[in-house]
Visitor: 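First the structure, which I've put down as structure tokens, then a few questions once you've had a look.
The chain is numbered in sequence order, starting from 1. In this text the structure is predicted, and so the values were computed from the model without any measurement.
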Amino acid sequence: MDKIVFFSSTQFGAGILATLLNSKYEVVAVVTRSDKVRGRGNKVVSTPVKSLALEHDIDVLEYDKVGEDEAEILKKYNADFFLVVAYGCILPQIILDIPKVDSINIHASLLPHLRGASPIETAIKLGDKNTGISYIKMIKSLDAGDIYIKHELEINCGETFDSLNDKLLDLSKKTVIDALDAIKDGLVPRPQGEEYSYAEKITKESCEIDFENDAIDIVNHINSLDSHIGAYAFKDDERYKLFGASLGNLKLNIGEVDTTNGIEIGAKNGSVKLARIQAPGKKIMNVEDFLRGNKLEGSFAKKKQQENK
């Protein structure tokens, strides 16, 4: 039975791990990021991958950085593959050279388009019509290795991060075993080429909405962060997170709010209609439920724009 050491720290990775655990491959160890203390109660939170691995009595190695010391430990597993899915740090060549067959990364874009940390969010934000997953040979440079296999799918109108993430995970689960089989049988990877695009790491600042942008760009921005992060805008110095965006029909001033039929906000070249909203200190609510107990009047603007009024 071929052996895999699986590197991941996300729920996406946990879904793929679940598929591997029910396959002909043997997952001999999981490498994941260390536990974090989160929330007001200082609760210790493990990665989803660690939790699943422990349920199946699989060795868990918690590394936030890997080097020579970790390489000596990993060699003892005599793995055929290292399979990496959103692990959270770049692996040095001394690690990548350990497995007998290869070190493989599953990346959630059609490489060389959208290397980097946020390929799913960025594909939606850019208004891309298609995306997919790429199985690549890992090298030290980020997401730059030769491509073994790519699988494509369509990005639907109104797609959110949550819906597209689920589709890409399902695609990965359906293809991962065949991909490993093909690579084991000698499939030769193809170079990516020199031209590529990059998906930057998402920051707090990049999540702020600017209603002076085109309405369609704002729709894509909001949906790209729905619902794991949440795009936000300010109204009267209060920060609201906005979800489930679509193009509206009203002619409104930039940032102007209309609640005649739901919540619609003015933007350049159109308006943006919302399905859900999160007021400061509150949970996410459907717009209809929110408006039953809350008024939303005035205009949204970026923080600096509010300060300049």
Visitor: Under 4.0 Å between a side-chain nitrogen and a carboxylate oxygen: does that hold for K184 and D2?
Guide: yes
Visitor: Do L225 and F161 share a hydrophobic cluster (ILVMFWY, side-chain heavy atoms under 4.5 Å, transitive)?
Guide: no
Visitor: Kindly give the heavy-atom pair with the smallest separation between N261 and K273, and that separation in Å.
Guide: O-NZ, 2.5 Å
Visitor: With a 4.5 Å heavy-atom cut-off, do I120 and L168 have their side chains touching?
Guide: yes
Visitor: Between atom CD of E297 and atom CG of D258, what is the distance when rounded to the nearest 0.5 Å?
Guide: 11.0 Å
Visitor: If I take atom NZ from residue K50 and atom CD1 from residue I58, how far apart are they, to the nearest 0.5 angstrom?
Guide: 14.0 Å
Visitor: Side-chain contact, heavy-atom cut-off 4.5 Å: H113 with D128?
Guide: yes
Visitor: Find the distance between CD (E68) and CD1 (I95) and round it off to the nearest 0.5 Å.
Guide: 9.0 Å
Visitor: Tell me whether E238 is salt-bridged to K235, with the criterion being a basic N under 4.0 Å from an acidic carboxylate O.
Guide: no
Visitor: Any side-chain to backbone donor/acceptor pair from D80 onto K3? Under 3.5 Å, distance only.
Guide: yes
Visitor: If every non-hydrogen atom of S46 is compared with every non-hydrogen atom of D35, which pair is closest and at what distance?
Guide: OG-OD1, 2.9 Å
Visitor: Would I284 and K241 count as a side chain to side chain contact (heavy atoms under 4.5 Å, CB included) here? Give the steps.
Guide: CA-CA 8 Å; I284 300 174; K241 288 189 175 184; over 6 Å; no
Visitor: Please assess T131 against S109 for the test side-chain hydrogen bond (donor to acceptor under 3.5 Å, both in side chains), listing each intermediate value before the final yes or no.
Guide: CA-CA 5 Å; T131 188; S109 80; 5.8 Å; no
Visitor: Answer yes or no: is there a donor N or O on one side and an acceptor on the other, between the side chain of E72 and the main chain of D69, under 3.5 Å?
Guide: no
Visitor: I'd like to know whether N223 forms a side-chain hydrogen bond (donor to acceptor under 3.5 Å, both in side chains) with T160, so could you lay out the CA-CA distance, the side-chain angles of the two residues, the decisive distance to 0.1 Å, and finally the verdict.
Guide: CA-CA 5 Å; N223 290 341; T160 66; over 6 Å; no
Visitor: E208 vs R239, test: salt bridge (charged side-chain N to carboxylate O under 4.0 Å, His left out). Steps then yes/no.
Guide: CA-CA 10 Å; E208 187 173 5; R239 189 176 74 167; over 6 Å; no
Visitor: If you count the non-hydrogen atoms of other residues, nucleotides and ligands that lie under 6.0 Å from NZ in K100, is the total more than 12?
Guide: yes
Visitor: Are I104 and L169 in one and the same hydrophobic cluster, where Ile, Leu, Val, Met, Phe, Trp and Tyr link if side-chain heavy atoms are under 4.5 Å apart?
Guide: yes
Visitor: Could you see if I277 belongs to whatever hydrophobic cluster contains L291? Use Ile, Leu, Val, Met, Phe, Trp, Tyr and a side-chain cutoff under 4.5 Å.
Guide: yes
Visitor: What are the two closest non-hydrogen atoms of Y77 and V28, and how far apart are they?
Guide: CE2-O, 3.5 Å
Visitor: Between V287 and V219, is there a shared hydrophobic cluster once you connect ILVMFWY residues whose side-chain heavy atoms come closer than 4.5 Å?
Guide: yes
Visitor: Do any pairs count as a side chain to side chain donor-acceptor pair (under 3.5 Å) and have a residue in residues 82-98, sequence neighbours left out, and if so which ones?
Guide: Q93-D97
Visitor: Please tell me whether S271 and E264 have a donor and an acceptor in their side chains that are separated by less than 3.5 angstrom.
Guide: yes
Visitor: Check for a donor-acceptor pair, side chain of S23 on one end and backbone N or O of Y25 on the other, with a separation under 3.5 Å.
Guide: yes
Visitor: Using a 6.0 Å cut-off, check whether atom NZ of K282 has over 12 heavy atoms from anything other than its own residue.
Guide: no
Visitor: Side chains of T259 and V257: closer than 4.5 Å at any heavy-atom pair?
Guide: yes
Visitor: Please find out if less than 6.0 Å separates the ring center of F82 from that of F7.
Guide: yes
Visitor: When you measure from the centre of the six-membered ring of Y196, is the NZ or CZ of R115 under 6.0 Å away and within 45° of the axis?
Guide: yes
Visitor: I need the minimum non-hydrogen distance between A18 and L52, along with the two atoms involved.
Guide: N-CD2, 3.8 Å
Visitor: Backbone N or O of E200 within a donor-acceptor pair of the S118 side chain at under 3.5 Å?
Guide: yes
Visitor: Do D214 side-chain atoms and I216 backbone N/O form a donor-acceptor pair below 3.5 Å?
Guide: no
Visitor: Taking all atoms of both residues into account, what is the closest heavy-atom pair of A86 and T10, and its distance?
Guide: O-CG2, 3.6 Å
Visitor: So, Y240 versus Y232, ring centres under 6.0 angstrom or not?
Guide: no
Visitor: Is there a donor-acceptor pair closer than 3.5 Å between any side-chain N or O of S8 and the backbone N or O of V85?
Guide: yes
Visitor: Does D217 pair with K125 as a salt bridge, N-O distance under 4.0 Å?
Guide: no
Visitor: Is the shortest side-chain heavy-atom distance between N105 and Y135 below 4.5 Å?
Guide: no
Visitor: Are L20 and L83 side-chain neighbours, meaning at least one heavy-atom pair lies under 4.5 Å?
Guide: yes
Visitor: Show your reasoning for whether side chain to side chain contact (heavy atoms under 4.5 Å, CB included) applies to V30 and L17.
Guide: CA-CA 9 Å; V30 159; L17 176 59; 4.1 Å; yes
Visitor: Under the salt bridge (Lys or Arg N to Asp or Glu O under 4.0 Å) test, which residues partner R33, sequence neighbours left out?
Guide: D64
Visitor: Indicate if V49 and V60 have the same hydrophobic cluster label, given that clusters are the connected sets of ILVMFWY residues with side-chain heavy-atom separations under 4.5 angstrom.
Guide: no
Visitor: Run the numbers on F6 and V31 for side chain to side chain contact (heavy atoms under 4.5 Å, CB included), then give the verdict.
Guide: CA-CA 6 Å; F6 186 74; V31 183; over 6 Å; no
Visitor: Side-chain contact test, heavy atoms from C-beta onward, threshold under 4.5 Å: evaluate it for C207 versus I202 and give yes or no.
Guide: yes
Visitor: Just by distance, do the side chain of K24 and the backbone of I177 share a donor-acceptor pair under 3.5 Å?
Guide: no
Visitor: If we only count heavy atoms from C-beta on, is the M285 to Q278 side-chain gap below 4.5 Å?
Guide: no
Visitor: Closest heavy-atom contact between I16 and S172?
Guide: CD1-CB, 3.8 Å
Visitor: Would you say NZ of K268 has more than 12 non-hydrogen atoms from neighbouring residues, nucleotides or ligands within 6.0 angstrom?
Guide: no
Visitor: Quick one: do K65 and E70 make a salt bridge, cutoff under 4.0 Å?
Guide: no
Visitor: Nearest 0.5 Å, what's the CG-CD distance between L21 and E26?
Guide: 10.5 Å
Visitor: Donor-acceptor pair, distance only, cut-off 3.5 Å: does the side chain of H221 make one with the backbone of S206?
Guide: yes
Visitor: Any side-chain to backbone donor/acceptor pair from T122 onto P119? Under 3.5 Å, distance only.
Guide: no
Visitor: Only one of N286, D226, D289 forms a side chain to side chain donor-acceptor pair (under 3.5 Å) with R276, so which one is it?
Guide: D226
Visitor: For the NZ atom of K76 and the CD1 atom of I98, what is their distance to the nearest 0.5 Å?
Guide: 12.0 Å
Visitor: I265 versus I209: any side-chain heavy-atom pair under 4.5 Å?
Guide: no
Visitor: Using side chain to side chain contact (heavy atoms under 4.5 Å, CB included), reason through L274 and I222 one step at a time and then give a plain yes or no.
Guide: CA-CA 9 Å; L274 302 177; I222 292 172; 4.1 Å; yes
Visitor: Nearest 0.5 Å please: distance from the NZ atom of K251 over to the CD atom of E256.
Guide: 13.5 Å
Visitor: Name every donor-acceptor pair, under 3.5 Å, that has one atom in a side chain of residues 142-155 and the other anywhere in the protein, sequence neighbours excluded.
Guide:
unit_1, atom_1, unit_2, atom_2, d
D143, OD2, G116, N, 2.7
Y148, OH, D102, OD2, 2.5
K150, NZ, L111, O, 2.9

